[in-house]
Undergrad: 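Sending over a structure as structure tokens; questions will come in a sec.
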Protein chains: 2
Amino acid sequence: MKQLIVDLDDRSYPIYIGEGILDQISTFFRKHQINDQSPLMIITDDNIAPLYLKKVIVSLQESGYKVCEYIVPAGESSKSLSVLEKITGVALDAGLDRKSSIVALGGGVVGDLAGFVAASFMRGIPFIQIPTTILAHDSSVGGKVAVNHPKAKNIIGAFHQPQMVLYDTSTLRTLPEREIKAGLSELIKHGLIWDAKFAEWNQLNAEKLLALDSESLEYALYNGCKIKAHVVSEDERENGLRAILNFGHTIGHALEAVSQYNKLLHGEAIAIGMVGAAKLSVHLGYPQRIYKETKSVMKKYGLPIQIPNHLNVDEIMEAMLHDKKFSEGQVVFTILKDIGEAHIQRGISIDLIREIVENLRLEE
Amino acid sequence: MKQLIVDLDDRSYPIYIGEGILDQISTFFRKHQINDQSPLMIITDDNIAPLYLKKVIVSLQESGYKVCEYIVPAGESSKSLSVLEKITGVALDAGLDRKSSIVALGGGVVGDLAGFVAASFMRGIPFIQIPTTILAHDSSVGGKVAVNHPKAKNIIGAFHQPQMVLYDTSTLRTLPEREIKAGLSELIKHGLIWDAKFAEWNQLNAEKLLALDSESLEYALYNGCKIKAHVVSEDERENGLRAILNFGHTIGHALEAVSQYNKLLHGEAIAIGMVGAAKLSVHLGYPQRIYKETKSVMKKYGLPIQIPNHLNVDEIMEAMLHDKKFSEGQVVFTILKDIGEAHIQRGISIDLIREIVENLRLEE
């Protein structure tokens with residue numbers, strides 16, 4: 001088992017990563033003095049509930065915790081204010097108070113939703129993350145929680161740090177292959193933006209990671225979380241450095257927004273976005289290898305690198321210009337100066353971005 | 001004009017109190033570097049909009065600000081997640097971004113709602129309070145913002161400090177008499193819990209304050225804000241000291257909850273609650289004058305001191321025990337050790353509280 005601390009002064013918290021952590025869940029709750037006088041609420045979805053919910057509840061109850069649950073339908077549509085209102089009603093009925101904790105058992109959707117329930121219930125109560133996807137290694141570090149508005153994703157939310165993150169790698173075995181690949185996309189990103197050695201390791205260990213080899217997963221998740229944690233520690237509220245985490249996301253979010261049918265997964269969309277941002281980096285004068293290696297690592301992990309033909313360039317550009325990452329109307333892009341070295345570039349011409357997007361349709 | 005600073009490290013902010021501040025609104029916005037590149041949104045209600053909205057918008061536009069507006073129906077029912085979702089949609093359409101500010105123009109309902117919009121929009125954007133009621137002197141200090149859930153008031157919210165508070169005492173002239181009295185109730189509370197001299201001043205100046213004498217109002221609002229600001233500075237997230245601000249609120253909230261018809265105003269309910277808490281203080285062995293003076297000051301301001309006959313004691317007790325202020329099932333009460341000296345008393349017997357409530361029906 002590996003452990004790391006996300007260093008945020010009085011909001012610092014530990015992340016535990018390893019095989020079989022769920023079997024010792026109450027030990028971790030006791031160790032971190034999670035209150036046992038007030039009821040806990042576990043929020044999960046209907047994919048995860050049949051797999052792990054009973055185990056978690058029984059283990060916590062046997063250790064003396066009062067536990068209630070709320071199961072949402074799996075998928076993005078559960079990240080809504082109306083679901084938040086329903087959960088809040090159940091929490092009130094169950095007698096949750098200011099010392100109660102909310103436990104998120106699931107992937108990014110459950111983490112974001114449960115995190116915003118915790119951030120807003122009685123103006124903020126403790127929150128514990130139990131991620132069950134690879135992608136959630138990313139969302140469980142940094143405290144960004146939110147629900148969607150019909151007009152925009154993640155637009156209603158908060159910064160709310162968890163008390164701890166319990167990452168049991170054995171839960172990843174039940175993921176479908178497509179989600180495994182897509183989840184590894186953010187891990188690859190963390191190497192590319194921050195750590196050339198980890199980026200190289202990712203190039204060399206694709207096979208092991210795709211096979212969910214336990215030791216390799218632990219190593220990669222630990223490094224991914226560590227890089228994210230380091231960036232977040234420097235810039236908790238996303239005023240500067242944190243924007244490097246958006247590498248691949250500007251184009252990626254636009255692709256997600258316009259791919260209503262045959263929907264791209266988040267990790268797939270940002271894989272294409274990273275190839276685009278790498279190409280932009282080369283256009284801006286940085287080394288050719290940035291593009292070459294970014295493209296090659298995506299291919300090794302079976303991730304897409306080409307914008308699907310059915311997507312319309314005008315619509316992609318339109319979606320990109322409405323993204324909340326465009327501060328004050330300025331076009332800001334996270335690029336690489338080299339592998340392992342990200343840079344936030346301002347004032348890029350929209351024509352150049354359009355050219356990159358058009359080229360991404362021809363990538364192979 | 002008077003000015004004070006609410007001291008909260010990097011979240012510190014100024015409160016300006018005086019006659020005619022709204023006439024110079026853009027000067028204050030410029031002075032505090034409110035961003036003029038991103039659009040602002042003014043949130044107000046349909047009582048206040050006809051009085052001041054146009055003036056505020058024109059003044060800001062003339063100074064170069066882009067301004068949009070959202071007018072909610074006056075009253076508590078606007079503090080809902082569905083209204084928040086609608087406002088967020090309008091904000092998105094108007095192009096608000098992370099550097100935009102939300103301006104709350106109105107009383108406590110508008111402040112709480114607009115504050116939570118600002119706290120949650122893109123995970124938190126700047127927020128400016130322009131209170132137009134006496135009661136809002138209280139809610140505009142401390143950063144507590146929230147909306148209601150159908151099952152409980154203020155249960156979904158955040159701590160989100162404003163950038164500044166602009167308090168124009170001339171706006172108070174349009175308040176109905178009953179609301180003036182009820183608003184002064186929280187001012188009186190601030191004297192009783194913290195400052196014996198201010199408590200005495202309140203005893204002596206009822207007539208002037210009720211007549212909205214400009215100088216007296218400025219003095220009283222300044223002192224009320226100063227006391228609240230001092231308490232909040234010591235305990236921003238309500239872990240300890242801040243609970244003294246709940247003086248009169250435990251019984252008061254219960255009275256508000258059960259008085260569905262012939263509804264008591266917040267200030268009226270807590271006036272009765274303060275008389276009850278003062279009586280409880282005397283029961284616990286503190287000086288008789290606490291009760292005598294609390295009761296006498298309420299009478300001077302024409303505030304109620306007796307629980308209306310149509311309210312049922314069982315229902316009041318039930319409502320009180322469901323209040324979120326009862327941490328972990330313990331009965332906690334803010335009492336006075338003397339005029340100007342509040343104390344948080346734990347472990348009070350429910351029978352004693354019931355006796356106090358029953359006596360409050362006979363008070364005269």
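Chain letters run A, B, ... following the sequence lines, proteins first, then strands; residues in each count from 1. Source: prediction; values computed, not measured.
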Undergrad: Which distance, rounded to the nearest 0.5 Å, do you find between the OG of B/S80 and the CG of A/L81?
TA: 10.0 Å
Undergrad: Considering only heavy atoms from C-beta outward, does the side chain of B/E85 approach that of A/P150 to under 4.5 Å?
TA: yes
Undergrad: Measure B/V145 against the heavy atoms of chain A and call it side chain, backbone, both or neither at under 4.5 Å.
TA: backbone
Undergrad: Is there side-chain contact between B/T88 and A/K151, with at least one heavy-atom pair below 4.5 Å?
TA: no
Undergrad: Is A/I156 in contact with chain B via its backbone, its side chain, both, or neither, using a 4.5 Å heavy-atom distance?
TA: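 When you check distances to chain B, atoms from both the backbone and side chain of A/I156 fall under 4.5 Å.
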Undergrad: Using 0.5 Å steps for rounding, measure from the NE2 atom of B/H160 to the CZ atom of A/R123.
TA: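 Going from the NE2 atom of B/H160 to the CZ atom of A/R123 covers 13.5 Å.
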Undergrad: Quick one: CD1 on A/I155 to CE on B/M122, what's the gap to the nearest 0.5 Å?
TA: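 Nearest 0.5 Å value for the CD1-CE distance: 4.0 Å.
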